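Only one structure is covered here, and it is reproduced in the block below.
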Amino acid sequence: MLLSRLARVSQEVAAASARSRKITLLAELFRDTGADEVPIVIPYLAGRLPQGRLGVGWKALSRPVTPAAEPTLTVREVDALLSRLGEVSGPGSQAERARLVGELLGAATADEQRFLSGLLTGEVRQGALDAVAVEGLARATETPPADVRRAVMLAGSLQTVAGALLADGPAALERFRLTVGRPVLPMLAHSASSVAEAVGKLGACAVEEKLDGIRVQVHRDGGTVRVHTRTLDDITDRLPEVTAAARELPGERFILDGEVISFGEDGRPRSFQETAGRVGSRVDVATAAREVPVSPVFFDALSVDGRDLLDLPFAERHAELARLVPEPLRVRRTAVSGPEDLGAAEEFLAETLERGHEGVVVKGLDAPYSAGRRGASWLKVKPVHTLDLVVLAAEWGHGRRTGKLSNLHLGARTADGGFAMLGKTFKGMTDAMLAWQTERLRELAVDESGYVVTVRPELVVEIAYDGLQRSPRYPAGVTLRFARVVRYREDKRPEEADTVEALLAAHPGVRP
DNA sequence: TTCCGACAGTGGGGTCGCAAT
DNA sequence: ATTGCGACCCCACTATCGGAA
């Protein structure tokens, strides 16, 4: 198949607004795809590369290359070249990668270049990624979409399922069962604004502490232990403590879901930055493990001794977990019978925060494990802080925000009467707010020459955030975690905005 | 007919590791 | 030694479509 056909379909998919139309377009293309091209074409149209990431980003693609006049590239040729590109390493590798990228783009037409750039930078923007491609695949192979979806969750990969399905038909899905040693996409949580809201929705539930660390899925098959992240990357080698803990459990074959976190000598959790830095260290793991030891803390069991537990109610899965894992290695939790028992849930949240954790996750007791989905039966509740800050500048948006000032630079007042930038945010704005702020900020602009528009510091905005963290980048030495806009405060003058001093006082645990 | 679940999009900060400077 | 870049960790929120209620 020619790459030009893929690029054209991708453009048509982007132009279609109805999801059903997107699915039809994808299904038509998948029907015309040869069995050996399937593992390439399907991920490409789901916005991903079969090779994973390649070390080629926005920068490497920014140099313009004269496009080819006629489309000649086949998808197999593109795949072969990208595979070679992914294997380049060592000194001189950046130049060699740039050369290969140039070779690829030079053989592509302008339309193909656009498609390839989007693919390599992970910005396909056709309004159809994995989930829509799964629907298209299901239609092309006349397989129930739910069956395909489930197989993808269990395989942890779209292209594996696509290859099997197009080669052997719907019967091939039988092969994708929960298997110890093969990671499955983890279940995710929705947010709730309060424990009352969460308990109101779920009724009888468990309230569990939410640890601010790294999500892990731990597989043990006899003497072999593997540890995977939320995106199913294998991080076993970086976490010897987790491997050791899994080997000591009284079971030979299991899959557990949990969090890895580092506790200080006082028993309190270290900051997310410290835990993440430790888990990110790959070169000298022994030293990193001595300085910042981590512990696994489990909250779910997906498989125990060959039994697939995914479809069991959470209450039963947790009973299995409790049989296998001793209490210190499980997250703290409390059982709540329903809204009439709200006091117990709120007390548990307060205690959890007191112990230095992030918040709680409220979980319905009868829900199955919805692998790969953001199940409505897990609701996280975290405290939210707010500040009144001043807009110092704004950046022009991309994609559907093109032509709108989107990303705000936020400042707090300093002792000398100026403002210190605390970070940026593009979150929380409605389309109406985007339109309004574009107009208002242009009135306040002092420099509109670049992609950052600097403004007079006069507009006050209420910002919600999850906490303060140390920053090497911003002048106050701290930055806001997950800042988002709540509303504009035109009733407030910049002199009434919050100060850096007050912010630091509100977060005594964080120092610049 | 209205409501709501699932998805895609729009980017945020930090840290690590590698290659280039 | 320092800097720039890419990969992954963590993530909030809105708009939209289409099936459920």
Side-chain angles (χ1 to χ4, degrees), chain A residues 14 16-23 46-47 52-60 62 88-98 120-135 149 188-191 211-216 229-233 235 238 259-260 271-284 288 358 370 372-376 380 382 384 395 397-402 404 406-410 422-434 463-474 478-486:
Chain A
S17 66
R19 203 125 68 203
S20 49
R21 175 71 187 146
K22 293 177 194 283
I23 292 167
R53 298 269 78 87
L54 292 176
V56 175
W58 177 83
K59 195 72 191 173
S62 59
V88 176
S89 67
S93 63
Q94 239 172 59
E96 175 62 5
R97 272 201 294 270
L120 288 167
T121 55
E123 293 175 25
V124 170
R125 298 183 199 200
Q126 59 186 13
L129 297 177
D130 264 9
V132 178
V134 163
E135 296 284 327
R149 213 153 38 224
L188 306 172
H190 275 292
S191 293
L211 308 181
D212 198 5
I214 307 290
R215 181 84 175 264
V216 286
T229 65
R230 193 164 94 84
T231 49
L232 309 188
D233 288 307
I235 54 168
R238 298 181 227 167
E259 193 88 0
V260 152
S271 73
F272 174 74
Q273 283 167 302
E274 290 172 281
T275 295
R278 157 60 210 278
V279 175
S281 300
R282 279 163 285 187
V283 173
D284 187 357
E358 211 189 349
S370 314
R373 321 216 91 180
R374 216 167 264 289
K380 56 184 162 185
K382 297 186 285 185
V384 175
E395 298 172 14
H398 298 89
R400 69 182 299 281
R401 292 191 177 190
T402 300
K404 297 284 189 299
S406 171
N407 200 4
L408 305 178
H409 295 199
L410 305 168
L422 288 177
K424 309 180 190 178
T425 184
F426 56 91
K427 296 175 185 155
M429 299 145 187
T430 62
D431 286 1
M433 285 167 79
L434 281 165
I463 296 293
Y465 65 104
D466 277 21
L468 197 64
Q469 55 186 353
R470 194 187 293 247
S471 169
R473 176 183 318 215
Y474 289 111
V478 291
T479 187
L480 305 178
R481 192 160 180 213
F482 308 141
R484 59 267 189 191
V485 171
V486 180

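Bear in mind the structure is a predicted one, so any value in this text is a computation, not a measurement. Every chain is numbered from 1 and lettered A, B, ... according to where its sequence line falls, protein lines coming before strand lines.
Regarding contacts with the backbone of B/dT10, a side-chain N or O of A/Arg125 is found under 4.0 angstrom from either OP1 or OP2. Between A/Gln273 and the phosphate of B/dT15, there is a side-chain N or O to OP1/OP2 separation shorter than 4.0 Å. Between A/Lys59 and C/dC5 there is a side-chain N or O to OP1 or OP2 distance below 4.0 Å.
Remark: P of B/dA6 and CZ of A/Arg149 are 10 Å apart, rounded to the nearest angstrom. Atom P of nucleotide C/dA7 and atom CZ of A/Arg238 are separated by 14 Å, given to the nearest angstrom.
Residue-to-nucleotide proximity on DNA chain C shows that, of A/Lys427 and A/Leu120, the 5′-proximal contact is made by A/Leu120. In this structure, A/Arg401 and A/Gly90 both approach DNA chain B, and ranking their closest nucleotides by distance from the 5' end singles out A/Arg401.
The minimum heavy-atom distance linking A/Met429 with A/Ser406 is given by the pair CE-O, 3.2 Å.
The listed nucleotides are B/dC16, B/dA19, B/dG9; the one nearest the side chain of A/Gln94 is B/dA19. Taking only side-chain atoms of A/Arg484, from C-beta outward, the nucleotide of C/dC13, B/dG13, B/dT15 with the closest atom is C/dC13.
Here A/Arg400 pairs with A/Asp431 in a salt bridge; the nearest charged N to carboxylate O distance falls below 4.0 Å.
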task: Treat primed atoms plus P, OP1 and OP2 as sugar-phosphate and everything else as base, then score nucleotides 15-21 of chain C 5' to 3': B for base contact with protein heavy atoms under 4.0 Å, S for sugar-phosphate contact only, - for none.
output: S-BS---
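Considering CG of A/Leu468 and OG1 of A/Thr479, their distance stands at 8.0 Å, rounded to 0.5 Å.
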